[in-house]
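All remarks here apply to the structure that follows.
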Number of protein chains: 2
Amino acid sequence: MSIDKVARVAGVSTATVSRVLNGNPGVKPLTREKVLAAIATCDYQPNLLARQLRTSRSNMLLVLVSSILNPFCAGVVRGIEEEAEKNGYHILLCNSESRLNRESAYLRLLSGKVVDGVITMDAISCLPGLTALIGDSPWVQCGEGDPGYNASSVTIDNGLAAKAAVDYLVEQGYQRIAMINGDVRYLYASQREAGYREACEGRWQQVVYTESLEYQAGFQAMEQLLALPDKPDAVFAISDSLAGGALACAHQRGLKVPEQLAIVGFDGIPFGEITTPPLTTIAQPIHQLGVRSVQLLLERIDNPAMTPVYEMLPWSLVQRGSA
Amino acid sequence: MSIDKVARVAGVSTATVSRVLNGNPGVKPLTREKVLAAIATCDYQPNLLARQLRTSRSNMLLVLVSSILNPFCAGVVRGIEEEAEKNGYHILLCNSESRLNRESAYLRLLSGKVVDGVITMDAISCLPGLTALIGDSPWVQCGEGDPGYNASSVTIDNGLAAKAAVDYLVEQGYQRIAMINGDVRYLYASQREAGYREACEGRWQQVVYTESLEYQAGFQAMEQLLALPDKPDAVFAISDSLAGGALACAHQRGLKVPEQLAIVGFDGIPFGEITTPPLTTIAQPIHQLGVRSVQLLLERIDNPAMTPVYEMLPWSLVQRGSA
DNA sequence: CTGTTAGCGCGTTCAG
DNA sequence: CTGAACGCGCTAACAG
């Protein structure tokens, strides 16, 4: 069931079978027919590993994600997969959950030639050991961009977007605007905090940090804020899921949203449309972030000498009921 | 930067380098040192493709999922990844979105020896072309089990669980219990519907079908139900996300939950804990479904002649505020 | 304990 | 237009 057998059955050489397999021109139609027939009768399936070894191209992309349970990440992955498929690539997904040894195990596939390049959606730039594993392999950062590396990036302007969200709350007349932030080792987190600080300059400020981006974390963060002597009347959360948790907490406390407490989220995931009230949020171009990441990565794979591109995609403030 | 160079630098043969690389016993400590030193100075990274070709083992598992945006699927994938990592395996994720050509492109990696086995969480048994692509490769069905194939499966007893959910609604005194179902080509969907029908025998019955499992679909389904001349006073939804959409619709209509409308979901995803009121639901052992799937798959990989195992894991009715 | 040899299955020169 | 021969980088069998 290898190419030799097909060749024997067809009465040709392996080279000819290979040519037919790869749509190589310059095979007499009659010969091609014979080969195709042999392939069919043998039920031949090419060994992709051998092909990859020979061509030193795997047509596989590694995608490193902090948590696949995060709908924002999942949405980006969908975009990645779509564009990858268009170009004949497959996806190897590493759901790191910030586990260092898991991440390095996957990154080793880069030097091992199992994947042609990597897209990271994790705070990888904080982990020097990992960037060393990537070395000069084709690399695109998605969702946050640290220009300190030989990697392209696809993001939005996190600082500006955060500032716009908080400015909006200010315009609506809210006085004490708090922020629920995540892990500030992520560049996007610190950039959004900077945007918040800028918009709140000379005003009341309060930031709470969570360990994860899951609903429960947002709920707990909101509890902390409501336990303050000076309670906020508005909250800017760094993700819609955190905002959703905060909203649940407000409901439980009997707070009217947005009258007594306004909430603005970030990301623009579908979940935000069905909360009561629906979430006002900063919508990221989720799908497009994935698509562009793949496009830039493939460019880099085809031309390893290419200089990194730092791309910022447009975002928008989506005004719904929560603020 | 291949094994030959390391061998030359260390002054040994490639075989010895290989032995050191694979922790093979029977290498003189001194020689081992020399080899390790050479590996370090060369900054040598083994070519995994070559190794995989040689050993005809890739240590990769294909995971076929209908939608990664579904938190249930994402949770299972997490379990899969954890158990895979424990055993030195990596995951190749195909987010099929029911796209036939995407699924077949990934399944071809099976015959292409790029992956050692596959776990499917999709209604693959409805698609004869795909099962043919799998052939006799190691295969585990997760979340639904069609015994008509040479594949193990890990599921819960969907019929019984659905019946328990509806029985609970009956016990609470609800009279007109409707069901929001998804795509019945999925075995689990038809099994849960059977459970619903059984519990509702001799009573009012009404089933609405959705195209997807996303919130919006649940919202729309609920709208359909509320447009009925004879409205339901309770709803059993096939997934928590659909239930969440239904809940949002109820809120928008000003219906009190659970007094005027009770809602029971299915899956037990974290989202259900933060809705108002929180969702009563059937909790599946999400993580464990993934873990066991990998375990059964690895057994099958090690012993291809193994007869399929059909495993059912325990579930539970989690009583919260929505019913 | 170590080296030599022989493939794994394929794509790709280079002749003819 | 086709075939013979080589090698991608590695592991495994067999000698020594």
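- Heavy-atom contacts from other residues, nucleotides or ligands closer than 6.0 Å to CD of B:Glu211 number 12 or fewer.
- Less than 4.0 Å separates DNA chain C from at least one heavy atom of each of the following residues of residues 51-60 of chain B: B:Leu53, B:Arg54.
- In the helix from C:dC1-D:dG16 to C:dG16-D:dC1, the end axes, each obtained as the rotation axis mapping the C1' atoms of four pairs onto the next four within a five-pair block, lie 40° apart to the nearest 10 degrees.
- Residue-environment remark: CE (B:Met306) exceeds the threshold of 12 foreign heavy atoms within 6.0 Å.
- Less than 4.0 Å separates DNA chain C from no heavy atom of any residue of residues 38-47 of chain B.
- More than 12 heavy atoms of other residues, nucleotides or ligands lie within 6.0 Å of CZ in A:Arg99, so this atom counts as buried by the packing criterion.
- For the residue pair B:Thr14/B:Asp4, the side-chain donor-acceptor check at 3.5 Å is not satisfied.
- There is no side-chain donor-acceptor pair under 3.5 Å between B:His90 and B:Glu81.
- Heavy-atom neighbours of B:Arg57 CZ from other residues, nucleotides or ligands within 6.0 Å: above the threshold of 12.
- Close to C:dG3, at under 4.0 Å from its OP1 or OP2, lies a side-chain N or O of B:Ser13.
- Donor-acceptor pairing under 3.5 Å is lacking for the side chains of A:Gln141 and A:Thr120.
- Taking a 4.0 Å limit (strictly below) on heavy-atom distances, residues 14-23 of chain B reaches DNA chain C at B:Ala15, B:Thr16, B:Arg19.
- For the contact set between residues 104-117 of chain A and DNA chain C, defined by any heavy atom under 4.0 Å, there are no members.
- Looking only at atom types and distance, the side chain of A:Ser96 has a donor-acceptor partner in the side chain of A:Asp122 under 3.5 Å away.
- First and last contacts of DNA chain D with chain A, using any nucleotide atom under 4.0 Å from a protein heavy atom and ordered 5' to 3', fall at D:dC1 to D:dC8.
- Heavy atoms of other residues, nucleotides or ligands lying less than 6.0 angstrom from CG of B:Asp136 number 12 at most.
- Within a 6.0 Å radius of CG in A:Asn101, more than 12 heavy atoms belonging to other residues, nucleotides or ligands are found.
- How far NZ of A:Lys113 is from OG1 of A:Thr55: 12.0 Å, rounded to the nearest 0.5 Å.
- The main-chain N or O of B:Tyr89 is never found under 3.5 Å from a side-chain atom of B:Asn59 such that the two would form a donor-acceptor pair.
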